[in-house]
Structures are given as structure tokens and as C-alpha cells.
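Since the structure comes first, as C-alpha cells, the remarks are kept for the end.
All residue numbers in this chain count up from 1 along the given sequence.
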Amino acid sequence: MKQMYVQCMRRKGYIQEWEEDPHIFVRRAETEIYVVLLGNRLSSVENLQKKRERLQKHYEEQGFTRVYHMCILCRKDGLFPQELLDDVDTTPNLWLFAEDQNRMYCFEHQPMEFDGLCQAFEALPVEKKRSTFNRESIPWITGILIVINVFCFLFPILTGTYTRWIEAGKDSYELVIRQGQIYRLFTSMFLHGSWDHLFNNMLVLFALGLYLEPALGRIQYSIIYLGSGLAAGLFSAWIHGMQMNPGGSIGASGAIFGLTGALLAMVLFWKGKIPGVSLRRVVFMCIASLYGGFVSVNVDNAGHIGGLAAGFLFVIITNCFRKNYT
């Protein structure tokens, strides 16, 4: 148990009754008593419930008419294991504290405050930590994708072959669906129509990659990016064919929207896997991005929608596959 947590509890008027795991702190207030179990792991929900029942009986025998319970698990970071998140969903009065963020995670069905402890813990000074930046934490795949996209834009411009590259690699109904040039679903992902087009896409790709690549792993991240890009291109070609639109489309935005869909699925179904990202923020980002496309010209909205849906489904499928076969 870190001393700063013990001192925090003492400043709030708590005393430590027993030094066991989890540590038990209490604050007496006339006929009421606040009981806090503080630790870094949870052996089982059943054991926690039994401990609470024993404490309830113990303090009622001492004459306390009301016994309030809270369990706080202090973790080194916000990458909470799924089994712990499942316990939080089914266990009342259970908080998770991420030390690296100095943030208390009070999930749904949990109280937002308990005797001022949430505010007290989040006000603790942030510990200076050694840098965790290493080769494994670098989003290599994101960097490689950005380099490829920049190369495929700059090289044809510098060699005077830009128009030829666009015509040879763009995605369209006529070329992909009718003529069977399936490879264009891939090549169109790495072509861009302007400096602004390239810069905006690479900026969003970099931001999403910082969150998603470490959380998913390089292989799953690559599958979702490329799979979403291919699905976006196919959906775009099909929709444009139905609309009798002879034009083509290029750009990485379909794959990038796939990453956005993957992020949405992660915050919906794997809470805490990507710390610092809320469902409200991701939903707003999806709506704002789609809206921006619909009010702009020369934007492949079909590709955006197809990529978003594909990324959402891909992350669910690949996560289920990893769970069953790893």
C-alpha cells in the first residue's frame, strides 16, 4: 500500500483498522461509520461480499446504525482487465483508480462520490515516473502508413506523373465492379487529391493511431485499417454505381473512418481498454466527421460510412477471435 494513499485517508479523518489486503479504513461519525476497503486487486466478488457482511455485523454490534461501504482498487494504469470491468458492472460501491492518470473511474451504477474520497484521490500529486517510451510503445504501423501515403503523394508530383498515378489507382464502379480491377480498392487508399486532403487525413490517422495501435496490437490494428479501407472502397464503388456516378474516389479517409468505428466499438464494449477516451467524445467525433463530409463538396460520404461500419465490425470480430484462440 503506497503511503500517499494512507495519508490521503488520514487527512479525510479515516483510521486504519486492520492491515490486510485490502486494507480497511474507517471514519466514525456519531451513529454512522464509513468503511473503505483499499487495495490493488480483487480476489473475487464473493469474497468481497463476505468481508462486507462481516464488517457490517461487526460495526452494528458496536452500536452503529448505518454502515456505508466502498472498495477502491488502485491500479498502475487505466488498462483494466476485462474480468475486473465485469466485476465493476455487477458489484455495488466499487471504484477503480488509475495511478498514472490520477483519475477515479466511477462507472455506471456506481456512486460518483463517497465521503469526498473521489475528489481527494484525484487531487493527489502526480508521481514522477520513469519514461515508459520504448520501442514497443511507438506506433510503428501508424508511422509506416503515414510515410507510404506521403510518398504516394510527393513522388508522382516530383516526377510529373501525378495524373497518371491517380488514373491508374483510383476506385470507381466501372473499373472495380464491371471491369474487375479489384486492386484499385487497395491502391486508392494511398492516393490523395491535394495537400489539404493529405494533411487532414494524416493528422487524424496519427491521433487515432496513438490510442488504437497500442491497445489493439500491430497485427489487429493493421487488419482493421486495411480491411476497413478495402470495405470502404467497395461500398463506395457500389453506391456510386447505383447513383450512376461515373467519377472515382481516392484517399485514406475510408480506412481512417474504420479506425474511428473501431474506437467507438472499443469504448462501447471494452470499457477502460483505452483510458482517457469517453463514449460521448467518440460519438461526437463520429457525428461531426460525417456531418462535415455531407456539407462539403467532392467528399466520398459512401466510403466514410462504409469504413466506419467496417471498422466497428472488424474490431468486434477480431477481438472475439483473439479471445477464443489466444
Side-chain angles (χ1 to χ4, degrees), residues 42 71-114 118-119 121-122 139 142 200-201 203-217 220-221 223-225 227-228 231-232 253-294 301 304-323:
L42 186 64
C71 180
I72 304 175
L73 300 182
C74 300
R75 310 283 296 188
K76 64 180 180 180
D77 54 44
L79 298 177
F80 308 123
Q82 186 60 43
E83 56 270 19
L84 182 57
L85 297 175
D86 293 338
D87 290 337
V88 172
D89 283 338
T90 58
T91 308
N93 288 33
L94 176 57
W95 285 348
L96 304 178
F97 183 71
E99 295 178 356
D100 64 333
Q101 305 169 41
N102 264 42
R103 177 184 174 187
M104 192 75 77
Y105 282 81
C106 310
F107 292 103
E108 295 178 9
H109 314 303
Q110 302 290 351
M112 299 303 295
E113 188 55 273
F114 181 88
C118 179
Q119 183 178 1
F121 268 68
E122 292 187 337
T142 300
N200 292 334
N201 276 346
L203 183 63
V204 178
L205 173 57
F206 177 75
L208 289 171
L210 287 178
Y211 283 102
L212 278 171
E213 187 174 336
L216 296 174
Q220 187 181 9
Y221 177 81
I223 291 172
I224 292 170
Y225 181 89
S228 298
S253 55
I256 294 171
F257 265 86
L259 296 181
T260 306
L263 183 63
L264 177 60
M266 292 295 289
V267 298
L268 270 175
F269 305 121
W270 289 274
K271 299 175 184 177
K273 188 68 175 177
I274 303 181
V277 180
S278 67
L279 176 61
R280 181 180 301 178
R281 185 184 303 177
V282 177
V283 171
F284 176 79
M285 180 174 65
C286 293
I287 295 174
S289 299
L290 290 172
Y291 175 78
F294 280 107
N301 292 302
H304 293 177
I305 295 173
L308 184 71
F312 187 90
L313 294 175
F314 271 129
V315 79
I316 295 174
I317 295 170
T318 52
N319 274 352
C320 290
F321 181 85
R322 290 176 63 180
K323 182 177 179 180

Exercise for review: Using the six-membered ring wherever Trp is involved, compare the ring planes of His304 and Phe257 and label them parallel, tilted or perpendicular (cut-offs 30° and 60°).
Suggested key: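 Answer is parallel, since the angle falls under 30°.
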Point to revise | Point-to-point distance, once rounded to the nearest 0.5 Å, from CD1 of Ile256 to CG of Leu308 | key: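 One gets 12.5 Å once the value is rounded to the nearest 0.5 Å.
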**Study point:** Reported CD-to-CD1 distance for the pair Glu213 and Ile224, which is rounded to 0.5 angstrom
**Key:**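 Going from CD on Glu213 over to CD1 on Ile224, the span is 11.5 Å.
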[Y] and [X], any side-chain heavy atoms less than 4.5 Å apart:
| X | Y | value |
| --- | --- | --- |
| Phe107 | Leu96 | yes |
| Met266 | Val282 | no |
| Glu99 | Cys74 | yes |
| Arg281 | Val267 | no |
| Trp95 | Pro111 | yes |
| Leu264 | Val283 | yes |
| Val315 | Gln220 | yes |
| Ile72 | Phe114 | no |

Point to revise | Between Thr142 and Tyr221, a side-chain donor and acceptor under 3.5 Å | key: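 Yes, a side-chain donor-acceptor pair sits under 3.5 Å.
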**Study point:** Sole residue of Phe80, Phe121, Phe97 in ring pair (Phe, Tyr, Trp, His ring centres under 6.0 Å) with Tyr105
**Key:**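 For Tyr105, the ring pair (Phe, Tyr, Trp, His ring centres under 6.0 Å) test succeeds with only one of Phe80, Phe121, Phe97, which is Phe80.
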